[in-house]
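Have a look at the structure below before the remarks.
Note that ligands are numbered from 1 as they come in the structure, with each ligand's atoms numbered from 1 the same way. All heavy atoms count here, side chains included; hydrogens, waters and symmetry mates do not.
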Amino acid sequence: MILIGENLNIMSKTIGPALKERAPQPIQEMAKAESKAGVSYLDLNIGPARKGGDEVMAWAVSTIQEVTDLPLSLDTTNPIAIEAGLKVHQGKALINSISLQPDRLEQELPLVPKYKASMIGLLWGTEGMPRDANERCLLAVDIVYKANELGIPNEDIWIDPIATPVSVEINQVKACLEFMSMLGEIAPGCKSVVGLSNISNGTPANLRPYLNRTYLMMLLKYGLYSAIVDAFDPELIEIAKGNRPKLVSLVHQVMDGEKPDPSSLSPEEIKYIKTTRVLMGETLYSHSWLEV
Ligand code: THG
């Protein structure tokens, strides 16, 4: 599967100030470190960037592409900044993201064919966050239809069902999985992408990787194509590269309702089983879910 590194992010303690001060070094170091970790795209998240977003984006894209050949995922809600980034980007960029708000669609959708880019279709509608898998389907059909009208082929549309924190709403975590199982039928040929770290937002830092990795394995059951990830979680990268087949099949067994014999399992495997049950909504989430 395709991995998109999330670490070039305005929220980060090193990257935020570097973007503001136009300091190339921390940004180039991060880009090189993410490339070395094995991701295929670099997400460049400059936040809403309402003022001067175009200059920051153009500068950051050029700065990053001086040290890596990887394509970038241009992550901001400011359409002017997106276009400024596309203008200087070498190779095929990924626009992150285009949602279904009419003004955003109108401004941003034409950028996809104009710059021969691909796009993340974010399933966020006029009424905000979709409530369940069915609302996600309606939004997906809508965005694919509107993109196709402009000549954008399905292979250039990466659908993002929006992953939400497990500590906030377990039903949304389940809805995102359920939607993934339906995507292939409602939008054949489209790709899929999930912001994996969202799932563990607000949970203890040392436990976040268990949630991120487990949700990844669960989404893989439904053929997830790509994910925006912490490039510096080596175990997550191994899972994504297909190097943990036994663990992945264990998680899938639990999803199918099987009850593996605990005496045959390692303590590490038991942690993943517990986490799978939390993300399925079978066990209530608490910050100490691995202890119970
Ligand atoms: N879908 C799409 N784009 C997205 C998201 C998505 N872009 C933003 C986000 N979600 C994915 N990127 C991140 C980046 C960082 C973190 C989570 C998601 C994160 N960072 C740590 C924190 O905030 O605690 C550490 C920050 C740091 O580096 O210091 O959790 O869903 N299309």
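For the residue pair Y210 and E235, no side-chain donor N or O sits within less than 3.5 Å of a side-chain acceptor on the partner. A donor-acceptor contact closer than 3.5 angstrom links the side chains of S73 and D43. Side chains of N212 and S200: a donor-acceptor N/O pair is present below 3.5 angstrom, by distance only.
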Under the salt bridge (Lys or Arg N to Asp or Glu O under 4.0 Å) rule, what do R136 and E178 come out as? Steps first, then yes or no, please. CA-CA 10 Å; R136 284 174 167 79; E178 189 189 348; over 6 Å; no
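Atom numbering of ligand 1 starts at 1 in the shown order; those under 4.0 Å from a heavy atom of G195 are 6 (C), 31 (O). Atoms of ligand 1 lying under 4.0 Å from at least one heavy atom of N45, given by number and element, are 8 (C). Listed by number with element, the atoms of ligand 1 under 4.0 Å from a non-hydrogen atom of R208 are 21 (C), 22 (C), 24 (O), 30 (O). In the vicinity of E6, heavy-atom distances shorter than 4.0 Å reach the ligand 1 atoms 12 (N), 13 (C), 14 (C), 15 (C), 16 (C), 17 (C), 18 (C). Near S197, with a cut-off below 4.0 Å to any heavy atom, the atoms of ligand 1 are 17 (C), 18 (C).
Between the side chain of R104 and the backbone N or O of S97 there is at least one donor-acceptor pair closer than 3.5 Å. In this structure a side-chain-to-backbone donor-acceptor pair under 3.5 Å is missing from N96 to M119.
At the shortest separation from atom 3 (N) of ligand 1 among protein heavy atoms lies N96 ND2, 3.1 Å. Of the protein's heavy atoms, S12 CB, 3.4 Å lies nearest to atom 28 (O) of ligand 1. Scanning the protein for heavy atoms near atom 10 (N) of ligand 1, the closest one is N198 OD1, 3.2 Å. The shortest contact between atom 14 (C) of ligand 1 and any protein heavy atom is with N9 ND2, 2.8 Å. Distance from atom 11 (C) of ligand 1 to its nearest protein heavy atom, with residue and atom name: I228 CG2, 3.9 Å.
In this structure, atom 23 (O) of ligand 1 has its sub-4.0 angstrom surroundings free of protein heavy atoms.
For ligand 1, the polar-atom distance check finds an N/O of D75 within less than 3.5 Å of one of the ligand's N/O atoms. Of the polar atoms of N201, none of the N or O atoms is found under 3.5 Å from an N or O of ligand 1, judged by distance alone. Distances between N or O atoms of D160 and those of ligand 1 include at least one value under 3.5 Å.
One finds the OG atom of S181 at 10.5 Å from the CG atom of L219 (value rounded to the nearest 0.5 Å).
L211 has its side chain within reach of W289: a pair of non-hydrogen atoms, C-beta onward, lies under 4.5 Å apart. Residues N78 and M57 form no side-chain contact, since every pair of their non-hydrogen atoms from C-beta on lies 4.5 Å or further apart.
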